[in-house]
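One structure below.
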Amino acid sequence: MVSTIEWRDSKVLMLDQSRLPLEVRYVECTDYQMVAEGIKKLWIRGAPAIGIAAAMGIALGAQDIKAGSYDDFIERLELIMQTMLDTRPTAVNIKWAVGRIKKLLSEKRDESIDNIKKILIDEAKKILEEDIEINKAIGKWGAEFIKDGDTILTHCNAGSLATGGYGTATAPMLIAKEQGKRIQVIADETRPVLQGARLTAWELMQAGIPVTLITDNTAGALMKKGMIDLAIVGTDRTTRNGDVANKIGTYTVAVLCKEHNIPFYVAAPLSSIDFSMSSGDLIPIEERPPEEVTTIWGHRIAPDGVCVINMAFDVTPARYVTAFFTEKGAFRPKDIKKIMREDVDIESIRIR
Ligand SMILES: CSC[C@H]1O[C@H](OP(=O)(O)O)[C@H](O)[C@@H]1O
């Protein structure tokens, strides 16, 4: 499996996912503006992955700051942080990464500027390394809900390429396979930019997991035929009441699952849960360029000048979610708000 992103020779190396699966090409980001461009243009995408990219972009930008004092340094660094926050509004992971870095910096007021610059690099690398371990934990908990012989529907790409590695929605699939369970995956192509067709199918084939690609509007018919046993998707931002912002079309899958009594699971690292937000109605939904809908890789497929709605995400209400797979375990939507509380016995709300 290729790496999504890494810090190499004082630069940020990111796989250009917009060209996959036809071309494996890396972009060497030499400044934070290039990292921000990569997030906006979906060279790197996926909630955890863009959180990692933001942390690396902030560390990269920090190296060029010439500041006479800690306060001066922080003031200049905050402009870089805002650039990262302004790239894509829906995934909470960039806000999460910025918050983590700000907390770290608040504890380093007595460090030299040069040391702080090194600390930022180390923290960005740490966020990447931790992400992979978090995903493996999600996989362990989620695999308990997968039986031998199951067919799993997934939407968009919440795989290794959407993270630092291993994926969130794909992690339970990978672990289930390692456990010897004979599973197969049905992957929605996921219009408009086809993360399912281009990325999920590519990843799962490399992982040796049988995968069948379908158009998004095929999922309901397969459910009606009894061909889907469960669905697992990722999340860009889950609010504390259990509402889920995820790739456009996820809400459709969730409603269809409810109609057909098919379990609908959301793989949600804590970095993608916004405990400060009470409801999914408050999540900003990214609108992307109309060309993503009217063209495919530069080939026009719709009349010039046609009106377009291109919402990159939708929000699935908590009532459609069977359970969340997090690194702390599997939980029902009603218990999401409790998982960070120290007065709650986590075992009492975990489901198996
Ligand atoms: C593991 S989060 C992946 C999440 O991000 C995707 O959106 P995008 O490709 O636009 O970044 C999609 O919502 C996935 O579920």
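Both counts, for ligands and for their atoms, begin at 1 and track the order of listing. Values below: all heavy atoms of this structure, side chains included; hydrogens, waters and symmetry mates excluded.
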Measure from the ring center of Phe145 to the ring center of Phe325 and say whether it is less than 6.0 Å.
yes

Would you check whether [X] reaches within less than 4.0 Å of ligand 1, judged by its heavy atoms?
X      : answer
Pro48  : yes
Thr235 : yes
Asn157 : yes

Heavy atom of the protein closest to [atom] (residue, atom name, distance):
atom                    : value
atom 15 (O) of ligand 1 : Asn246 OD1, 2.6 Å
atom 1 (C) of ligand 1  : Thr168 OG1, 3.2 Å
atom 4 (C) of ligand 1  : Asp236 OD1, 3.4 Å
atom 12 (C) of ligand 1 : Cys156 SG, 3.4 Å

With heavy atoms of [X] as the reference, note each atom of ligand 1 found under 4.0 Å away.
X      : answer
Phe313 : 7 (O), 10 (O), 13 (O)
Ala47  : 2 (S), 3 (C), 5 (O)
Arg88  : 8 (P), 10 (O), 11 (O)
Gln195 : 8 (P), 9 (O), 10 (O)
Ala162 : 1 (C), 3 (C)

For residues Leu22 and Trp297, determine if any side-chain heavy atom of one lies less than 4.5 Å from a side-chain heavy atom of the other.
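In contact.
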
Think Lys258 forms a cation-pi with Phe264, using NZ or CZ under 6.0 Å from the six-ring centre and within 45 degrees of its axis?
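Not satisfied by the 6.0 Å and 45° rule.
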
Does [atom1] belonging to [X] count more than 12 external heavy atoms closer than 6.0 Å?
X      : atom1 : answer
Glu287 : CD    : yes
Ile309 : CD1   : no
Glu28  : CD    : no
Arg100 : CZ    : yes

List the steps and the verdict of side-chain hydrogen bond (donor to acceptor under 3.5 Å, both in side chains) for Ser271 and Asn93.
CA-CA 6 Å; Ser271 60; Asn93 299 64; 3.1 Å; yes

Going by an N to O cut-off under 4.0 Å, is there a salt bridge joining Arg76 and Asp72?
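Between Asp72 and Arg76 there is a salt bridge, with a charged N closer than 4.0 Å to a carboxylate O.
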
Where the closest heavy atom to atom 8 (P) of ligand 1 is concerned, which of Arg288, Lys247, Gln17, Glu286 has it?
Lys247

